[in-house]
Amino acid sequence: MKSPGAEADDQLVLLAGRGDQAAIRTLVNSKLPRLLGLARRMLGDSVDAEDVAQETFIKVWKFSRHWRPGAASFDTWLHKVALNLCYDRLRRRRRMTGEPPPDQVDEGPGPDRNLHAQDVGRRVSASLAGLPPRQKEAIVLCHYQELGNIEAAQAMGVSVEALESLLSRARRTLRANLADLAVDD
Amino acid sequence: MNLNRFEQLAWAFGADLGRWPPAEREAALHLAASAPASAEALLAQAARLDRILNVTAPLPVPSRALRERIILAAPSARAFSLAWRWLAGAAIGATMAAACAAGLATGATVGAPALASVRLAVNADAGDEALRLLRDPPDLTEG
């Protein structure tokens, strides 16, 4: 059974497909920031992230008229579309450079470094960027996008067990890389 | 659930039990109640990483230009109504075409016996002519 939020999304998508401007604006306002965040974390580049967000919405508009509220939630479908577009771009980058996209270098623990929140943020982002793509995807979907584990597994096209394994490996790596950081409650 | 499984779940999904697989949440709560010190230590470890992960570089806020580009690309009510009009027109056209086809089919069905009787009449006439020719052959020697 769908949550009330998921049912509201279905209704908005159907209205958007009929050109209802209020529904279109509500969908953009509610989904765009998270979508942009997802793409930014996956691609590490703001311009590419904007392109992915825009392309994702173009697909939404294309399919909105034919949207059939089924078992899968719109939010999960949206994440899946955005992730596929992110992977297209990552593949294109790899073809152009002939190697994996240059991840930001994790500087690792430094001696007596007094890190401010901004520095901590940069370290975390760099560590995240250094993860293998599927592990990064799992962390982004579950931790940052706050998808439930069933929805995240659906968006990634894996089982919940496989998702757990990816998350576990990702978090172990992140913990090791960020072991020197301390964050107040 | 044993402590080992509890640890695995904390590692994977973090300290918030709301993010754990729904099927295992209840068992996890039971274990946390039966071994509070061990469970709390594991959750504290996971919570520490959760807090660190929450401090990321600020994400970009969607620009007004991006919002407007996306909204401009959305389907318009006019396009939707035009599409409906086109579909209605296409439906009427299809109905008329179907009616014509049905008319032709009816005509063919009704006309077929009439054509057959004409054909029989022609054949019958031809047969009579043949018999008459056999009875009274024309004089081919007359010039």
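Below, chains carry the letters A, B, ... as their sequence lines are ordered, and counting in each starts from 1. Excluded from the calculations below are hydrogen atoms, water molecules and symmetry mates; all remaining heavy atoms, backbone and side chain alike, are included.
In terms of hydrophobic clustering, with Ile, Leu, Val, Met, Phe, Trp and Tyr side chains grouped at heavy-atom distances under 4.5 Å, A:Leu90 and A:Val140 are assigned to a common cluster. Under the 4.5 Å side-chain contact rule for hydrophobic residues, A:Trp67 and A:Leu15 do not share a cluster. Cluster membership for A:Leu38 and A:Val158, using ILVMFWY side-chain heavy atoms within less than 4.5 angstrom, is shared. Linking ILVMFWY side-chain heavy atoms closer than 4.5 Å, directly or via other members, places A:Tyr87 and A:Leu78 in a single hydrophobic cluster. Clustering ILVMFWY residues whenever any of their side-chain heavy atoms sit less than 4.5 angstrom apart, transitively, puts B:Val61 in a cluster other than the one holding A:Leu32.
For A:Arg169, no part lies near chain B; criterion is any non-hydrogen pair under 4.5 Å.
Summarising the geometry of A:Leu36 relative to B:Leu66, their closest heavy-atom pair is CD1-CD2, 4.2 Å, with the distance given to 0.1 Å. Closest heavy-atom contact between B:Ala12 and A:Leu167: O-CB, 3.3 Å. Of all heavy-atom pairs between B:Pro75 and A:Arg65, the closest is CB-NH2, 4.3 Å.
Close approach to chain B, defined as a heavy atom under 4.5 Å from one of its heavy atoms, is seen in A:Ala53, A:Gln54, A:Phe57, A:Ile58, A:Trp61 of residues 51-62 of chain A, taken by number. Listed in order of number, the residues of residues 2-11 of chain B that approach chain A to under 4.5 Å between heavy atoms are B:Arg5, B:Gln8, B:Leu9, B:Ala10, B:Trp11. Using a 4.5 Å cut-off between non-hydrogen atoms, the part of residues 13-26 of chain B that approaches chain A consists of B:Phe13, B:Gly14, B:Arg19, B:Trp20, B:Pro21, B:Pro22.
For the pair A:Gln21 and B:Ile71, the minimum side-chain heavy-atom distance is below 4.5 Å. Using a 4.5 Å cut-off on side-chain heavy atoms (C-beta onward), B:Leu49 and A:Arg172 make no contact.
Checked by atom type and distance alone, the side chain of A:Tyr144 never pairs as donor or acceptor with a backbone atom of B:Asn54 at under 3.5 Å.
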Let me check something: any side-chain donor-acceptor pairs from residues 22-29 of chain A under 3.5 Å, sequence neighbours excluded? List them with distances.
unit_1: A:Thr26; atom_1: OG1; unit_2: A:Ala22; atom_2: O; d: 2.7
unit_1: A:Asn29; atom_1: OD1; unit_2: B:Arg67; atom_2: NH1; d: 2.5
unit_1: A:Asn29; atom_1: ND2; unit_2: A:Arg25; atom_2: O; d: 3.3

